[in-house]
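Beneath this line is the structure, given in structure tokens, with notes to follow.
Computed from a predicted model, the values in this text were never measured in an experiment.
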Amino acid sequence: MNILYCGDAGISRGVLVSILSILKHNKGELHFYILTINYENTKAFGAKTAKFLDELVKKTNKKSFVKLIDATKVFTANLPKKNMGSYFTPASMLRLYIDKVPEIAKLDRVLYLDYDVVCRGNLSEFYNIDLTGVEAAGVLDIYGRRWYHYHGLFKQDYMNSGVMLFNMPECLKSGMFEKTVKLCAGRWMMLADQAALNKSIEKRKLVDRKYNEQEERPRKDTVLHHFSNNFKFWPYFHVQKVKPFEIEKIHKVLKITEYDDILNEYNELKGNL
């Protein structure tokens, strides 16, 4: 199973929690790839941290590994110029460049996860779904699906990009990733990487929300719980932002305790990051 994270040094705490949660429910061979850049003020994901994570996953399965890949040259050669000043760091757009990274481009399929995604079950059923003729599989975005309709005026097909299963041969065949980079280079967009993917993916497969639950609390059947930002309207409008490694917020704001075993292990290990 090939799993991809993208980002700079700032995602290390979330990646640790995410990997611990995956290891809890998935004991088979896992190949984790971390794509990073060292660009201007963006500090790359640490090699020491990646080495520690590699040793960690091998304790569950000796064939598993964590591989850190520096994509700085690929990124700087094709800068998303119109979106470099967005709310998110430049590294947030790295998933759009994986067709230019040989180690990933050669794979059959890749499951991309945001650093704030926690696993609550076995990933095999989702990972092994039929992707014949499909570029990517994902879940509708809880907010964007109501406002964005790129492939039909009333068609709900706007996917959240925090969890996406890519069929690499099909993506390479269609040039899908190249389209996303061109869009980000020439046009400013809200949530640029997600918008570019939704505009460029012509052949998609929508899957059940249990594979990317974006609400603040998971359901009983949730497999992947995405700690995405949520809009709150009481007692005033604000954006609620709670990440998996913010233990106090998870307890006090979300009232969630079911991840305590993973978070206790995170507390013991975070000094290695």
With a 3.5 Å distance limit and no angle check, can you tell me whether [X] reaches the backbone of [Y] through a side-chain donor-acceptor pair?
X: Y97; Y: N78; answer: yes
X: E213; Y: D221; answer: no
X: E215; Y: R217; answer: no
X: N167; Y: L131; answer: yes
X: S18; Y: V117; answer: yes
X: K27; Y: L23; answer: yes
X: K243; Y: R13; answer: no
X: Q194; Y: S161; answer: yes

Heavy-atom count check: over 12 atoms from other residues, nucleotides or ligands less than 6.0 Å from K100 NZ?
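Enclosed.
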I'd like to know if [X] pairs up with [Y] as an ion pair, taking the criterion as any Lys NZ or Arg NE/NH1/NH2 lying under 4.0 Å from an Asp or Glu carboxylate oxygen.
X: K173; Y: E135; result: no
X: E258; Y: R120; result: yes
X: E55; Y: K59; result: no
X: K67; Y: D54; result: no

In a table with atom names and distances, give each donor-acceptor pair under 3.5 Å that connects a side chain of residues 266-273 to protein atoms at least two apart or in another chain.
residue : atom : partner : partner atom : Å
N267    : OD1  : K270    : NZ           : 3.1
N272    : ND2  : L269    : O            : 3.0

If you look at every heavy atom in L123 and N26, which pair is closest and at what distance?
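In terms of heavy atoms, the two residues are closest at N-OD1, 2.8 Å.
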F52-V57 co-clustered via ILVMFWY side chain contacts under 4.5 Å
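Shared cluster, yes.
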Just so I know, are the side chains of Y115 and S92 near enough to count as touching, which here means a heavy-atom distance under 4.5 Å?
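The answer is no; the side chains never approach within 4.5 Å.
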Filter on side chain to side chain donor-acceptor pair (under 3.5 Å), then keep only pairs touching residues 37-50, sequence neighbours left out; what's left?
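Qualifying pairs: none.
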Show your reasoning for whether salt bridge (charged side-chain N to carboxylate O under 4.0 Å, His left out) applies to E246 and K241.
CA-CA 10 Å; E246 297 177 315; K241 183 178 180 180; over 6 Å; no
Aromatic rings H225 and F227: how do their planes relate, parallel, tilted or perpendicular, breaks at 30° and 60°?
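If you compare the ring of H225 with that of F227, the planes turn out tilted.
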Check the pair R109 / N128 against side chain to side chain donor-acceptor pair (under 3.5 Å), numbers first and verdict last.
CA-CA 9 Å; R109 58 179 65 193; N128 293 311; 5.0 Å; no
